[in-house]
Amino acid sequence: MRKKTKFLFLRISVILAFTVLAGRLWYVQVVMGSYYKQQADTSKIRLEPVQALRGIIYDQKGRQLVWNTPSWNVEIVPHGIPYARATSIYEQLAALLHNQPTAAEIARTVAANRWRDYAPALIKPNVSADVAMVIKQLHASLPGVRADPSSVRGYRWDPQDSLAHLLGYTVSIGPHTYAADRRLYPVEQFLNSDQVGSTGIEAQVDPYLHGINGTDQVEVDAGERPVRVLKKGTSIPGDNVYLTIDWKTQKQVAQDLSAALAQLHLRKGVAILEDVHTGKIISMVSLPSYNNDWFSNGISTKRYASLLQDPAHPLNDLAISGQYPPGSTFKVITAAAALGTGVADVNRYIDDTGYIKLCSVYDPATCRIFNGWQPGGLGSLNIVGALARSSDIYFYTVAGGNPNKDPNMPKIGGDRLASYARNMGLGSATGIDLPGEMSGLVPSKTWFNHLPVGPLRNPGETWHIGNDYNMAIGQGQNLATPLQMVNVAATIANGGTLLRPRVVDHITGTVIPQKGALRSPKVLEPFVPSIVRRNIISPASLALIQQGMHMSVTPLPYGTSWNVVDPRINAAGKTGTAEDSSGNGTPDAWWIGYAPFNHPQVAVCVLVPNANAEGAYVAAPIAHKVLEDYYHLAPLKKNWLVDVQQMLVPSAGGAQ
């Protein structure tokens, strides 16, 4: 009897348990079903990216050149846009953003990001806090639309915008960059809302500056807007980059160059200072420039078009991408070739009579005259005097000979001269750690004779003695960048070692691109001088070239660099005046050199394109002012800018 009672009790307990469970199931599904459905529809878990702060850029002395400024991004999560309301949402959002972008452009952006339906697509970066707050308040009528905190780059400013070309700027990542960086740098977790470097240092070392993005676990509502953070992720800021640039020197050089150009009623110019022993670029100014904040803040179509249409091309960094005939600054290379091939030595004198007349061997009546810069000539000169006085006739003769004097006269020839030019770094990029560098052009006899008929070569034309002459004085097809020419000066100053110029001194932080993060910060990329080539010129030849450049910086009537004469600086250098390759008839003014002569420290290059005057009258005095301020010396000439303006006379007697 007791067993039956126990069994009955067990049956009743089981029936009651199932009854309770069935009742609870009915309550959840029927009574509370609509509530839980609403909760499911309006509360979802998403993995949200956390953008890392970009690293900071400093000058060589630790002065901050770039900032991360708090900002807001407007984004849309495609999955959160109700199909039936999409058009009205885009129109309402476009109105809030003053039709920048338009509703149609917003629709295209969303459509392009449908393949990542739950990821926020960037609609507009860097909106004001007021606009962001309005969007947040209108969350009910703008499902899928978000305003998320971000940061935007800010750049150190000076009146000449002298750092813009060097620092560059960031832009919103594009689909191609996004795809490439996600593949190349998986550890960094690039986002489609990231800012990436577009030009300058921002682009060159972007993987270091980027950092490692993190991931938050976030509860979002039905409109894909964050409700609360369930689990906080960790992002790692980008590394810090220290440049070789000295900000105060950069600002002063820009001021000196800008003031001179204003006096000359010109806009374009370049000035570079390089450490001759390390290749570190201390200052590099290319004018005109632009404000890189315009790009980081989202440049307008109108402003961008004005920059593109500006005839002075402010977006171009002339220091590394401007290609110009080097003019008589090339004579230091011709001198090296003449000495290195045995065509010249200190005891070989050539009479500069002011011109060389060459007549055709086939038609003696057909002649061409190659003039020197000084009518009447400069007299008898050896290689030191030829450099100091920039004798065209001397360098014509050692390069191509003089059939009038001796048909068997030793000469360098176009191919050997080209070889020396290339050894000195011309005709190829220097390898500076900046994007956009051009290589220039070194012509040669072999190169020319194999050219197809076209702009540079007429039918049946071959390299001739006139090409040797033009090449010897930096004309003809010769093209060089200011950076290449300051590197030539540094090579002569340091004893014949060609260095790769650098603008990045070192990088510190924890993020190693493609590898991840270290536990503690350290120097990731220390500065080590990069030697391209040693012993380019023999010590004996080098001493003669240095002597000639030093004698160039002597008072008239001897040295052509007389505008750089200053015992406090004791510079050595070479002037240059080049016929403009664009054919507009206004010559380019050059000066390259170094200081001090006895213990060289810094090399200088100044270029003023289309100066309509000689290097001695325009580039040389600017170089003197730059050196004067670099060494913190009191002005030797209080009215030096006025002097430059008065010297702007193409027909004035002077030097190459």
Side-chain angles (χ1 to χ4, degrees), residues 54 57 65-75 93-106 108-109 121-132 147 150-177 193-204 206 250-251 254-255 257-258 261-262 265-270 284-322 434-436 609:
R54 281 180 75 81
I57 303 174
L65 304 179
V66 179
W67 292 265
N68 291 314
T69 305
S71 178
W72 290 89
N73 287 343
V74 175
E75 300 169 334
L93 180 59
L96 289 172
L97 300 177
H98 305 289
N99 279 319
Q100 293 181 352
T102 64
E105 289 169 335
I106 294 173
R108 284 195 292 270
T109 300
L122 182 65
I123 301 301
K124 187 171 185 178
N126 194 30
V127 300
S128 68
D130 291 341
V131 171
S150 182
S151 65
V152 66
R153 296 293 250 185
Y155 299 94
R156 187 180 282 272
W157 178 86
D158 66 280
Q160 288 75 40
D161 294 310
S162 67
L163 287 170
H165 293 114
L166 284 164
L167 296 177
Y169 53 84
T170 59
V171 296
S172 298
I173 195 169
H176 298 299
T177 304
S193 59
D194 271 346
Q195 293 286 307
V196 293
S198 178
T199 61
I201 290 297
E202 291 276 27
Q204 184 72 23
D206 186 71
Q250 175 83 0
K251 184 169 63 171
Q255 180 179 318
L257 180 61
S258 176
L261 294 176
H265 306 292
L266 299 171
R267 294 183 61 200
K268 296 166 70 173
V270 177
M284 187 159 67
V285 177
S286 171
L287 297 179
S289 187
Y290 62 93
N291 188 333
N292 39 7
D293 281 327
W294 294 343
F295 287 88
S296 63
N297 291 325
I299 192 167
S300 68
T301 303
K302 182 178 179 181
R303 175 168 277 170
Y304 187 56
S306 70
L307 289 172
L308 292 177
Q309 294 164 9
D310 188 326
H313 305 296
L315 293 176
N316 290 353
D317 185 353
L318 301 181
I320 65 172
S321 64
L434 283 172

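Remember, it's a predicted structure, so these values are computed and weren't measured experimentally.
Scored by the side-chain hydrogen bond (donor to acceptor under 3.5 Å, both in side chains) test, Ser258 finds no partners at all (sequence neighbours excluded). Contacts of Arg267 classified as salt bridge (Lys or Arg N to Asp or Glu O under 4.0 Å), with partners at least two apart in sequence or in another chain: Asp310. With sequence neighbours excluded, the residues forming a salt bridge (Lys or Arg N to Asp or Glu O under 4.0 Å) with Glu202 are Arg54, Arg153, listed by chain and number. Residues that satisfy the side chain to side chain contact (heavy atoms under 4.5 Å, CB included) test with Pro101, not counting sequence neighbours, are Leu97, Glu105, Ile106, Ile123, Lys124. Residues forming a side chain to side chain contact (heavy atoms under 4.5 Å, CB included) with Asn126 (at least two apart in sequence, or on another chain): Ser71, Val152, Asn297. Qualifying side chain to side chain contact (heavy atoms under 4.5 Å, CB included) partners for Thr301, counting only residues two or more places apart in sequence or in other chains: none.
Contact check for Val285 versus Val270: no side-chain heavy atoms found under the 4.5 Å cut-off. Side-chain contact between Ile299 and Trp294 is present, with at least one heavy-atom pair separated by less than 4.5 Å.
Rounded to the nearest 0.5 Å, atoms OH (Tyr155) and CG (Leu167) are 7.0 Å apart. Residue Trp157 holds its CH2 atom at 12.5 Å from CG of Asn292, rounded to the nearest 0.5 Å. Note that the CG atom of Leu166 and the CG atom of Asp317 stand 6.5 Å from one another [nearest 0.5 Å]. Of the inter-residue distances, the one linking Ser321 atom OG with His165 atom NE2 reads 7.5 Å to the nearest 0.5 angstrom. Between atom CZ of residue Arg156 and atom CG of residue Leu163 there is a gap of 8.5 Å, rounded to the nearest 0.5 Å. Taken to the nearest 0.5 Å, the OG atom of Ser198 stands 4.0 Å off from the OH atom of Tyr169.
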Verdict with reasoning, Ile201 to Leu434, per side-chain contact (heavy atoms from CB on, under 4.5 Å): CA-CA 6 Å; Ile201 290 297; Leu434 283 172; 3.8 Å; yes
Could you go through the side-chain contact (heavy atoms from CB on, under 4.5 Å) check for Gln250 and Asp158 one step at a time? CA-CA 10 Å; Gln250 175 83 0; Asp158 66 280; 6.0 Å; no
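No donor-acceptor distance shorter than 3.5 angstrom exists from the side chain of Thr102 to the backbone of Asn99, with no hydrogens or angles considered. In this structure, the side chain of Gln160 does not engage the main chain of Leu287 through any donor-acceptor pair within 3.5 Å.
Annotation for Pro288 and Lys268: closest pair CD-CG, 3.8 Å, computed over non-hydrogen atoms. Closest non-hydrogen pair, Ser172 versus Pro125, comes out as OG-CG, 3.9 Å. Residues Tyr290 and Asp161 share a closest heavy-atom pair of O-CB, 3.1 Å. Residues Ser162 and Ala254 approach most closely at CB-CB, 3.5 Å, considering heavy atoms.
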